[in-house]
Structure formats: structure tokens, C-alpha cells
Amino acid sequence: MFPSPLAHDKHMSTSTAPMPGSSNTTQERPGFNPVMAGAFLAVLAIFIWLFWSFLNRQFRWALQEQADWGHTLVIPFIAGWFVYLNRQKIFAEPFRTAWTGLLLIIAGMGIYSISGLGPMMLRHHNIMGFGVGVTLFGLVLFFCGWRAMRWLWFPTLYLIVFGQTVSDVFLEVITYRLQDIAAVGSYYGLSLIGFDVERSGNTLQIFHQGEMIPVNIAEACSGMRMLVAFLALGVAMAYAGFSYRTQYPFLTLRVFFRRMFARVVGRRQSIGASTRRRAMLVIWVMIQRSLLVLLAIPTAVFVNILRVMTLGVLSTRDTDFAAGDFHTMVGLLWLIPAFFVYLGIMWVLNSIITDEEDGEVAVVEERCEIRFGSRTRLAFVVSVIVLVVGGAAFQLAAQALGVHLEKEPVAPRYSLDSIPYTVGSWSASRLSEQRMDESGVEELGTELYLTRRYDNVDDSTLPSLQLHIAYYTGHIDTIPHVPDRCLVAGGLTQEQPEPLNCLLEINEEEWFLDEENMLDGEPYRMATVKRPQGKAEQARLPVGDFKLRTTEFGDPTNPNLSVFAGYFFIANGRVTPDPWGVKLLAFKPEDKKAYFCKVQILAVTNEPLSLEEFIEVATSFLEPMIPEIARVLPDWVEVSAESEKDSA
């Protein structure tokens with residue numbers, strides 16, 4: 001008998017001789033090739049230059065929001081580990097150029113360009129990230145070929161999906177739902193271990209030794225950061241922890257199901273015991289992987305409930321334990337038992353079915369050599385040309401359209417605290433100001449804010465008004481916090497289906513037009529603001545109608561309580577009541593800098609109060625207050641002039 005060529009090949013080099021007449025012959029160049037290494041470093045440098053706007057923004061966000069997105073900095077190393085696990089299979093044969101990858105490169109650059117330069121509704125961090133991911137996938141396919149992509153597609157896709165932050169726009173609904181689950185779960189958990197607890201929305205009230213201790217379940221306690229990290233961990237563990245134990249799992253399934261189908265339609269096709277066993281093992285590994293990833297969700301939610309319970313118990317000793325750095329440390333400590341819980345789940349899944357006959361193919365560890373086909377140099381030249389031309393065209397188009405992908409931050413002209421305590425007939429005291437703890441500031445999303453209560457000194461029957469101003473700049477896809485959600489999370493109920501945009505009938509007789517400066521074809525309005533010691537200062541007001549987005553709330557524990565909240569936004573010299581319209585104003589493509597400011601009014605009274613009465617009271621308060629607010633905000637005419645001067 002003659003030995004099998006395949007058996008003989010197991011003991012020989014994995015290199016294959018080129019077929020006669022092949023157009024993609026291979027070059028056997030063992031060892032380190034400095035030319036090819038330099039070539040791929042050049043491609044990497046061009047890739048970073050082309051997508052610098054996205055990559056720089058992504059890296060800065062990961063550093064600034066390490067508690068939420070710091071794991072994205074580790075994802076590239078995990079993806080590289082996946083490649084290392086399959087190195088023998090990936091490098092068994094030389095890479096062969098797949099020219100279909102060039103189409104993905106062009107498509108990815110097109111998606112990125114449309115998102116960056118196209119309509120405002122498409123200008124989104126994750127849409128740009130999708131374009132970067134498609135380009136990266138195309139580059140890997142282009143240089144490595146279809147055979148290697150059998151093992152490279154998963155690491156590449158893992159890097160694309162989990163290597164970028166997810167915008168608040170996409171996470172908002174999930175985060176709020178997780179807040180509710182954490183509040184309900186920790187309420188029952190604390191009650192079960194003997195604490196006297198009441199829940200109002202997402203706020204727990206623990207009664208301990210005659211004292212009421214509030215515990216607010218903020219967005220930082222929603223468990224969103226733990227869920228995203230656990231999904232990334234679950235996918236990694238499922239991929240590396242459960243092997244198919246056969247060299248060609250999908251081919252095994254194909255043969256098995258084809259024979260099963262043949263038997264169903266009446267053909268005589270036998271299914272061997274070995275094929276059936278291997279197919280069942282492949283199916284079971286798929287189930288194991290899917291279950292491990294899906295179980296990451298309840299595991300993260302359950303551990304987060306235990307974390308909130310821990311903060312609640314610690315707050316009975318010292319309320320500072322539930323805020324600040326200690327709050328963050330408790331969250332990090334709970335990740336350790338959470339990891340072992342997840343390992344236990346993996347062990348259980350791995351122990352349900354065991355294969356007595358190990359069907360995994362033994363792989364002899366050999367030295368890995370990266371080899372390329374003869375067309376790799378041509379592919380390198382083509383890829384460089386495509387990337388450079390595409391990047392240059394993108395930059396030229398951005399300059400021609402006046403688009404600024406990076407929005408520079410704009411500081412307020414004056415501190416928000418410089419807004420006077422007495423404005424018109426409304427007065428406040430320093431004691432009426434409220435400051436948030438670190439978790440509250442993290443939920444708000446900015447450290448530049450002012451919360452102050454004003455009373456009408458001329459008419460004591462009017463309800464007190466709480467003024468809340470929050471200033472945002474230099475943020476990525478920030479979702480402003482509005483009372484539509486925050487007050488409901490605090491235990492109130494919304495008494496109307498949707499907020500109403502109510503026009504404020506402001507007396508503008510003392511205002512005058514700035515005929516020399518216009519925005520969007522409309523002249524600015526100016527107002528004179530009186531300062532101490534008889535001085536006066538002119539403030540340029542935002543363009544647009546002042547509308548208050550108003551909502552009525554109710555308190556289930558106090559039916560006689562009247563609660564009204566209204567707000568509007570000032571963004572880049574314009575005004576809007578729509579929280580979703582802020583992005584359209586603050587992130588206009590032609591603006592080099594960007595900011596927006598939320599102005600919120602809250603009235604809480606035990607006296608009956610109608611919507612019309614609230615709007616009348618809010619108008620009397622905002623009429624003298626709007627010029628004071630405009631004075632501390634950036635003067636958009638000056639900001640625009642400075643931007644044009646810098647660009648010249």
C-alpha cells in the first residue's frame with residue numbers, strides 16, 4: 001500500500017508549491033521581511049491619517065470615560081490574542097490577495113465620507129465607526145485572502161464591534177430600563193435582609209435608626225458599563241473556551257444536514273455514527289457559545305443589583321460611601337466575584353456534555369512564517385493609492401464644504417455663578433443653591449451647572465421657581481438630561497402624553513436689533529444688562545423664538561401637589577425647545593466650535609396651578625433673566641470672528 005499524501009504532508013512543511021500557470025504564485029521568504037513590515041506600517045499610518053477624526057475622538061472618550069468605556073482600549077489586544085490562538089491555521093499557507101476586499105475598502109471609505117460630510121442626521125460617531133470597520137475588514141481580506149479569513153473574520157469583527165464606544169443616543173433607552181431594574185431589585189434585596197426601605201421611582205429611602213437615608217439609582221448605577229463589558233468578555237470566553245473539537249465544523253454540519261435532508265425526501269443516504277456524533281458536538285458548542293453570551297446579560301444585572309445593595313448598606317454607616325471615588329471602587333470590587341460567577345457558568349455549560357473520545361485534531365506546534373503571494377506588492381501599491389486618494393478627496397471636500405469634523409470647546413464668557421441673585425422682582429439667596437455629589441454630576445454630564453431657587457418679592461402668592469442651567473461643550477453625542485425622564489425617575493408621574501412647546505410672550509420693548517450682525521438671515525437681538533455700581537453691559541441674545549417645552553407632573557404620595565417643569569436650549573447663538581434639535585444647532589458642519597446650554601424652570605407648589613398660570617409665571621421670571629443668561633454665555637459673533645481669524 002502507498003502512504004496517503006495527506007498523511008505524508010503532516011510531517012512535511014505546510015508550504016504548497018504553486019500550480020502551473022497560477023496567476024497568484026507564492027514567494028517563499030522565511031523569517032522577518034523588513035520590506036513587507038515597512039509596507040504594512042505605511043498602510044497602518046495612512047489608515048490612521050485617513051480616519052484620524054474618528055480614532056482621536058474614540059481614544060479621548062475612552063480615556064475620559066474610563067469607568068464606562070476604558071475596556072475599549074483592551075479590545076485590540078484581545079483580538080490579537082484570538083489571532084495568536086489560531087496562528088498555526090492562519091499561517092499554514094501563504095496569504096493570497098483577494099481583490100474583493102478592495103470593494104469593501106472603497107465602500108467603507110464611502111460610508112465614512114457620507115457620515116462626515118453628508119446630511120446632519122447621518123453625522124454620528126457610530127456610523128463613522130461602521131465605515132472605519134468596513135474599511136478595516138476590507139484591508140484584512142484584501143491582503144490575507146479568503147482562506148485566512150476563515151479564522152480572521154471573528155477577531156476583526158470583535159475589534160470593530162467592541163472596540164468603539166456606543167453613543168448615548170443608542171444606549172439611552174436601555175440605560176433607563178436598567179435603572180428601573182436596579183432600583184426594583186435592590187429594593188426587594190434590602191427588604192429581604194431586614195432593612196426598612198421605600199422606593200420612589202429610582203430613589204430608595206432607607207429608614208435606619210430614626211433617620212431617612214436616600215439612595216439615588218443614577219445612570220452610573222444602571223449597570224450599563226458592566227453589561228457592555230460582560231458582553232465583550234462573554235463573547236471572548238465563548239470563542240476561546242468552547243472549541244469545536246473538529247477541524248472543519250461547518251463542513252461537518254453541511255454533510256450532516258445534507259444527508260438528513262436526503263433521508264427526509266426519501267433518498268437512501270446513510271449517516272455514520274462518527275458523522276452524527278461530530279455534528280451533535282458542533283451543534284452543542286454553538287449552543288454553549290450562545291448561552292454563555294446571553295447569560296452575560298442576567299449576570300451583569302444581578303451583580304449590579306448586589307452592588308447597589310452594598311452601597312445602600314454602606315450609606316447607613318456613612319452617606320459618603322455611596323458617592324465619589326468610594327462609589328467607583330465598590331463597583332470595581334464587585335467585578336471580581338462577577339467574573340468568578342461567569343467562570344462558574346462556563347464550567348457548568350462545559351460539564352453538561354463531555355466527549356469521551358476527544359475528536360480534536362492534534363496540531364503539531366511549528367514555527368509560524370508569514371508568507372505572501374506574488375501579488376501582495378501590487379495589492380500594497382493599489383491600497384496605498386486608494387487610501388491616499390480617498391483621504392485627500394475627503395479633506396478637499398471637507399474644505400470646500402466648510403465642514404469641521406472636530407468641534408472645539410467654547411468656554412462661557414463668565415461663570416454661571418455670576419448670574420445675580422436678584423433679577424427683576426425675583427430674588428434668591430446663597431443658601432438656596434444646590435450642589436450635586438460626584439454621581440449626580442456624572443449623570444448630568446457636565447461640571448458647569450447652576451441650580452438656584454428664586455422667590456417673587458412683590459407677590460408672595462406666586463410659586464417659587466427653581467432655575468437650573470447646565471452648560472455643555474467638548475462632548476460627543478451628549479444627550480441633555482431633561483425633566484421628562486429625570487422627574488419620572490424620581491417617583492413623579494407625567495400627567496400629559498407629550499411635553500408642549502409653549503411660546504413665551506416676552507415684552508421685547510427694551511431689546512433692540514443688531515443690524516450689523518445676523519445669523520441664518522435673522523438679526524441678533526440686544527439687551528442692556530445693568531451691573532453693580534451703575535454700570536451697564538450689552539448682551540447679544542440668541543436667534544429664534546423663546547418656547548418653553550413644558551410638562552405637568554403629579555406626585556402619587558401627594559395628589560394636591562402641582563409640579564410643572566419647562567426648558568429650552570441655547571446652542572451656538574440659536575435657541576430651540578427640542579432636545580433632539582440641539583445637535584442640529586450645536587453641531588452644524590460649518591461651525592468650528594460648539595456648545596449648548598440647557599435652561600430649565602421648575603415650579604412645585606401645594607396650591608392649584610394650571611399650565612397657563614405656570615407659563616405666565618415663567619414668562620415674568622425669564623423676561624429679565626434671559627439677558628442675564630445670555631451675558632454669561634459665549635457671544636457667538638465674537639466666537640465666529642475668532643474662528644475665521646484662526647482659519648485665515
- [ ] For E510, look at atom CD and say whether over 12 heavy atoms of other residues, nucleotides or ligands are found less than 6.0 Å away.
- [x] no

Open item on the list: Side chains of Y524 and V543, heavy atoms from C-beta outward: is any pair under 4.5 Å?
Closed with: yes

Open item on the list: Could you tell me if the side chain of L513 sits less than 4.5 Å from the side chain of R525, heavy atoms only?
Closed with: yes

Open item on the list: Any heavy-atom pair between the side chains of R435 and Y449 that's under 4.5 Å?
Closed with: yes

Open item on the list: So does V637 get a backbone contact from the side chain of S640, meaning a donor-acceptor N/O pair under 3.5 Å?
Closed with: no

Open item on the list: Does atom CZ (F195) have a neighbourhood of more than 12 heavy atoms from anything else shown, all under 6.0 Å?
Closed with: yes

Open item on the list: For the CZ atom of F302 and the CZ atom of R307, what is their distance to the nearest 0.5 Å?
Closed with: 14.0 Å

Task: Side chain proximity check, V599 to I626, heavy atoms < 4.5 angstrom - done: no

Open item on the list: Taking W61's backbone N and O only, do any of them form a donor-acceptor pair with Q58's side chain (distance below 3.5 Å, no angle check)?
Closed with: no

Open item on the list: For a 4.5 angstrom cut-off between non-hydrogen side-chain atoms, does F162 reach H71?
Closed with: no

Task: Heavy-atom side-chain proximity of P463 to E607 below 4.5 angstrom - done: no

Task: Greater than 12 external heavy atoms within 6.0 Å of E447's CD - done: no

Open item on the list: Contact between I297 and L227 at the side-chain level, heavy atoms closer than 4.5 Å - yes or no?
Closed with: yes

Task: Note, V403 side chain near R123 side chain (heavy atom, < 4.5 Å) - done: yes

TODO: Could you tell me which non-hydrogen atom of S186 sits nearest to which non-hydrogen atom of I305, and how far apart they are?
DONE: N-CG2, 3.6 Å

Task: T528 and F512: CA distance, side-chain angles, deciding distance, side chain to side chain contact (heavy atoms under 4.5 Å, CB included) verdict - done: CA-CA 9 Å; T528 301; F512 57 95; 4.1 Å; yes

TODO: Output yes when a side-chain donor or acceptor of S115 lies under 3.5 Å from a complementary backbone atom of L122, and no otherwise.
DONE: yes

TODO: Flag the pair E642 and K593 as a salt bridge only when some basic side-chain nitrogen lies within less than 4.0 angstrom of an acidic carboxylate oxygen.
DONE: yes

Task: Over all atoms of both residues, closest heavy-atom pair of I419 and R452 - done: O-NH1, 2.8 Å

Task: Approximate separation, where rounding is to 0.5 Å, of R631 CZ and R413 CZ - done: 8.0 Å

Open item on the list: Once you measure the plane-to-plane angle for H125 and F54, does it fall in the parallel (<30°), tilted (30-60°) or perpendicular (>60°) bin?
Closed with: parallel

Task: Y414 atom OH, neighbour heavy-atom count above 12 within 6.0 Å - done: yes

TODO: Determine the minimum heavy-atom distance between H404 and D591, stating which atoms define it.
DONE: CB-O, 3.7 Å

- [ ] With rounding to the nearest 0.5 Å, note down the distance linking CD1 in I615 to OG in S620.
- [x] 11.0 Å

TODO: Might you point out which heavy atoms bring S562 and P608 nearest each other, and give the distance in Å?
DONE: OG-CA, 4.0 Å

Open item on the list: Tell me if a side-chain donor or acceptor on S191 pairs with a main-chain N or O of Y188 at a distance below 3.5 Å.
Closed with: no

Open item on the list: Is it the case that the side chain of D555 and the backbone of N560 share a donor-acceptor pair, with hydrogens and angles ignored and the cut-off at 3.5 Å?
Closed with: no

TODO: Indicate whether the side chain of N456 and that of D459 have a donor and an acceptor atom separated by less than 3.5 Å.
DONE: no

Open item on the list: For D514 versus P523, what's the shortest heavy-atom pair and its separation?
Closed with: O-CB, 3.7 Å

Task: Donor-acceptor pair between E552 and T550 side chains, under 3.5 angstrom - done: no

- [ ] Show the numbers, then the answer: is there a side chain to side chain contact (heavy atoms under 4.5 Å, CB included) between E433 and Y421?
- [x] CA-CA 10 Å; E433 292 189 359; Y421 287 95; 2.8 Å; yes

TODO: Mind running side chain to side chain contact (heavy atoms under 4.5 Å, CB included) on L622 and L548 for me, showing each step along the way?
DONE: CA-CA 10 Å; L622 289 173; L548 200 65; 4.2 Å; yes

Open item on the list: So, taking the atom named OG1 in T451 and the one named CD1 in I469, what distance separates them when rounded to the nearest 0.5 Å?
Closed with: 9.0 Å

TODO: Could you tell me how the ring of F564 sits relative to the ring of F614: parallel (under 30°), tilted (30 to 60°) or perpendicular (over 60°)?
DONE: parallel

- [ ] Show the numbers, then the answer: is there a side chain to side chain contact (heavy atoms under 4.5 Å, CB included) between Y471 and V632?
- [x] CA-CA 11 Å; Y471 185 87; V632 302; over 6 Å; no

- [ ] Taking all non-hydrogen atoms of both residues into account, name the closest pair between V293 and L231 and its distance.
- [x] O-CD2, 3.9 Å

- [ ] Answer yes if the side chains of T72 and Q164 hold a donor-acceptor pair under 3.5 Å, and no otherwise.
- [x] no

- [ ] If the plane angle is over 60° it's perpendicular, under 30° parallel, otherwise tilted; pick one for F596 and Y472.
- [x] parallel

